Amino acid sequence: MKLYSGNKKSTLKTRSFRADIQYTQYLEEYVMKRILVTGSYGQIGTELVGALRSKYGGQNVVATGRKDPPEILTKDGPYLHLDVLDVDQLHAILKDNEIDIVIHNASVLSGKGEKNPQLAYRTNIQGSYNVLEAVRILGLDQVFIPSSIAAFGPSTPKENTPNEVIMRPTTAYGVSKVFIELWGEYYAKRYGVDFRSLRYPGIISSEAPPGGGTTDYAVEIFYEALKTQKYTSFLEKGTYLPMMFMDDCIKCTMDLIHADVSKLKHRSFNITAMSFAPEEIAAEIKKYIPQFEMSYKPDFRQQIAESWPATIDDSAAREEWGWKPDYDLAAMTKAMIERLSKKLDIAYQ
Ligand code: AKB
């Protein structure tokens, strides 16, 4: 089907004369939505924009950010410069592009946030406030803002952490994620804003690298295993954290955006696919690169990791919108080695 890319109001009107009701509903629900993604050149944004464009058509997904974009974001859809701290610019872009759904990915991650808490405040709290306000004022259909396992803290139960539980994070990033969840849920209740959020675990991917997180080691390890057959982990042996492969991350994000809102009892969901410690991912990589050697030199991120859950319970996501991951540690490692060796042009056997 040719996806819509022009003036949506007039096209919808013309089509509704011809199409049957179901087809019109389908168009309204899935095809006609125009989506704006902030922080689109980040680890998740880069791949999410591609997936959204394949589903909705390139012109219907506006990628935005503060940097010059990589080619992958400009080749089949628009890219606009946007700083969400500039409220006038934010409102103008949302209006001019007739945006229905905002996916607000721009964020300073945990490690970087500890180095510069004031930057984390501005980007994560002020930026998300501006986005939620814009969605409320302009009456947009939906806003998705990721949360994180970082929203939990040292007093949170560490194993099988429930969806509703004591949070009390001790990092600037974690505090900002709790703000996002609570402010979004407040706007949902008070103003009817359709706010949705996922508490992402560490995300492992082969395209854009993550930047400034505590779970970044689980991506770096693959690059170093392929390039040098060695890696020094900045997290200690035995540090278990919830993790997920990018394909599952894209899947759960798209699934939650499409979920029937009348079936949602929550707005912020735990989400996970696996949990492992550094020595376990190293052992899995050794199956492909037997000469791979791992050493350990924990830094300030060890304390951050220790304040987070080791495993989380995502049964609310499974029950309310059918979440089920496709990748465990073995499947993720296989996919990472295959994709990254191709990308870096390094033979591993
Ligand atoms: C980080 O490590 O800061 C992020 C996260 C778990 O949200 N990857």
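Excluded from the calculations below are hydrogen atoms, water molecules and symmetry mates; all remaining heavy atoms, backbone and side chain alike, are included. Atoms within a ligand are numbered from 1 in the order they appear, just like the ligands themselves. None of the values given here were measured: they were computed from a predicted structure.
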May I ask you to decide if the ring planes of F276 and Y217 are parallel, tilted or perpendicular, using 30° and 60° as cut-offs? perpendicular
Under 4.0 Å from any heavy atom of S110, which atoms of ligand 1 are there? 1 (C), 2 (O), 3 (O)
Return a yes/no value for Y173: is any of its N or O atoms, backbone included, closer than 3.5 angstrom to an N or O of ligand 1? yes
Run the numbers for me: atoms of ligand 1, each under 4.0 Å from some heavy atom of L109, listed by number. 3 (O)
Would you check if the distance from the ring center of F269 to the ring center of W321 is below 6.0 Å? yes
Where ligand 1 meets T214 - atom numbers and elements under 4.0 angstrom, heavy-atom basis: 1 (C), 2 (O), 3 (O)
Identify, for atom 8 (N) of ligand 1, the protein heavy atom at the shortest distance, and state residue, atom and that distance. T215 OG1, 2.9 Å
Just let me know how I149 lines up against ligand 1, side chain, backbone, both or neither, with a heavy-atom cut-off below 4.0 Å. side chain
Give the intermediate values and the outcome of side-chain hydrogen bond (donor to acceptor under 3.5 Å, both in side chains) for residues W323 and D314. CA-CA 8 Å; W323 163 243; D314 60 3; 3.0 Å; yes
Test of proximity, S148 against ligand 1: N or O pairs below 3.5 Å: yes
Go through the side-chain N and O atoms of Y187 and E133 and say whether any donor and acceptor fall under 3.5 Å apart. yes
Run the side-chain hydrogen bond (donor to acceptor under 3.5 Å, both in side chains) check on K343 and Y223 step by step: do they pass? CA-CA 10 Å; K343 180 177 152 188; Y223 282 85; 3.2 Å; yes
Run the salt-bridge test on E338 and K334 with the 4.0 Å N-O cut-off and return the result as yes or no. yes
